[in-house]
Amino acid sequence: MSEWIDGQGRKIDYLRLSVTDRCDFRCVYCMSENMRFLPRQQVLTLEEIERVARLFVERGVKKLRLTGGEPLVRPGIVHLCERLATLPGLRELCMTSNGSQLFRLAGDLKAAGLSRLNISLDTLDAQRFAAITRTGRLEQVLRGIDAAQQAGFEHIKLNCVVMKGRNADEVPALVDYAIAHGLDISFIEEMPLGQVGREREESFCSSDEVRALIAERHELLDSAEHSGGPARYVRLAQHPGTRIGFISPHSHNFCSTCNRLRLTAEGRLLLCLGHENSLDLRGLLRRHPLHDEPILEALRGALQRKPARHEFTVGDVQVLRFMNLSGG
Ligand code: SAM
Ligand code: SF4
């Protein structure tokens, strides 16, 4: 079986698939208040998503992550999980979700073969939660986290985008919540994707600042662990069951070990989150419904063009795409 190796010699074994650009939340760092979503025919069908996943898994991709938008608002998502989970050679089928629908879907997702869940949680305060997500209800997400644990998901990881003036003061409380529930948690630096109608420099909080906040209360042990992604991890000396991750696109560049590609909801294969460099897979899939070879050839060519690194700077909107299109 051949493998996917990019032009910089990096082995690509991780594909993130955005299954929809739609979402039931409008998080302030991700979307604007009034979003216009893609017309249905521009979004990949579930069959097209499965076909792309198969082409990658057949050639060495070991990990798939379903994301969005909110993957759980896409009709047929449980069935898609069932299909993807059986792809020979796949090691992990993961999902990143805002958690709002887990209270009703967690059991079905587990039964369908989903192996891991990341759940976004930026605050434990109901009013702040409503302000950050604009439409979300904290209580529903906390119920979803409980449902996922009851369904048997292990190593659930919380994702928290840290913003000064909004939730940075809650870092210790979020760590306590993770410890109490036996969860991992990653703190994410806000990335400048899309014009979201506010200045990001004012609220930017670096991973070093977050780490210092946690270190005031806990002894941190550096850890060489990684989960196939860009996070750096520490463990807490007194609570070894909880892993804390830092995802720092600004302060700690992680491009040299980038092993991933992203497929947008409309079928563009993004070679790097920080570049517009992409391949229109939807056009290829629809022009060649029966023959994979032209698609494989285009993929091989595109991989040679995967950029060496991104060039984000705080506050600059270099990439006009919103995060919900590419799935983070
Ligand atoms: N809706 C799902 C969710 O919120 O988990 C999946 C899609 S969301 C785009 C994936 C992740 O990206 C979430 O953890 C979210 O917090 C994060 N995210 C969104 N916009 C971001 C930004 N501008 N900078 C950093 N992280 C961002
Ligand atoms: Fe929706 Fe996730 Fe974006 Fe929030 S971060 S608006 S939940 S896609």
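Only a predicted model underlies this, so the values are computations on that prediction, with no experimental measurement involved. Note that ligands are numbered from 1 as they come in the structure, with each ligand's atoms numbered from 1 the same way. These values consider heavy atoms only, across backbone and side chains, with no hydrogens, waters or symmetry-generated copies.
Checked against a 3.5 angstrom limit, the closest N/O atoms of Thr67 and ligand 1 fall outside it. Between Cys23 and ligand 1, no pair of N/O atoms sits closer than 3.5 Å. Of the N or O atoms in Pro71, none lie within a sub-3.5 Å distance of an N or O in ligand 1. Among the atoms of Glu190, none of the N or O lies under 3.5 angstrom from an N or O of ligand 1. Taking distance alone, with nitrogen or oxygen atoms compared against 3.5 Å, Asp122 stays at or beyond that limit from ligand 1. An N or O contact shorter than 3.5 Å is missing between Thr96 and ligand 1 by distance.
Taking a cutoff of 4.0 Å between a charged side-chain nitrogen and a carboxylate oxygen, Arg51 and Asp292 qualify as a salt bridge. Checked for salt-bridge contact, Asp184 and Arg243 meet the test: a charged N lies under 4.0 Å from a carboxylate O. Taking a cutoff of 4.0 Å between a charged side-chain nitrogen and a carboxylate oxygen, Glu266 and Arg286 do not qualify as a salt bridge. The pair Arg211-Asp222 meets the salt-bridge criterion, with a side-chain N (NZ, NE, NH1 or NH2) lying under 4.0 Å from an Asp/Glu carboxylate O. Classification of Arg116 and Glu92 as a salt-bridged pair holds, one side-chain N sitting under 4.0 Å from a carboxylate O.
Note on Val78: it clusters hydrophobically with Leu114, by side-chain heavy-atom contacts below 4.5 Å among ILVMFWY residues.
Residue Leu66 forms a side-chain contact (heavy atoms from CB on, under 4.5 Å) with just one option from Leu72, Leu84, Thr20, and that option is Leu84.
The environment of Glu297 atom CD is sparse: at most 12 non-hydrogen atoms of other residues, nucleotides or ligands sit within 6.0 angstrom.
Contacts between Cys27 and ligand 2, counted as non-hydrogen atom pairs separated by less than 4.0 Å, involve both the backbone and the side chain.
Note on ligand 2: Gly69 sits in its first shell, one or more heavy atoms being nearer than 4.0 Å. Remark: distances from the non-hydrogen atoms of Cys27 to ligand 1 are all 4.0 Å or more.
Near Ile188, meaning under 4.0 Å from one of its heavy atoms, ligand 1 places the atoms 25 (C), 26 (N). Counting the atoms of ligand 1 from 1 in the order shown, those under 4.0 Å from a heavy atom of Ser97 are 2 (C), 3 (C), 5 (O). Those atoms of ligand 1 that come under 4.0 Å of a heavy atom in Gly68, given as number and element, are 7 (C), 9 (C). Short contacts between ligand 1 and Cys30, defined as distances under 4.0 Å to a heavy atom of the residue, involve ligand atoms 19 (C), 20 (N). Close contacts of ligand 1 with Glu189, meaning ligand atoms under 4.0 Å from a residue heavy atom, involve 25 (C). Of all the atoms in ligand 1, the ones that sit under 4.0 Å from a non-hydrogen atom of Met191 are 22 (C), 23 (N), 24 (N), 25 (C).
Between Phe129 and Phe25, the two ring planes are perpendicular [angle over 60°; tilted spans 30° to 60°].
Side-chain atoms of Ser97 never come within 3.5 Å of backbone atoms of Ile119 as a donor-acceptor pair (strictly under, hydrogens ignored).
Not one N, O or S atom of Cys30 sits under 2.8 Å from atom 1 (Fe) of ligand 2.
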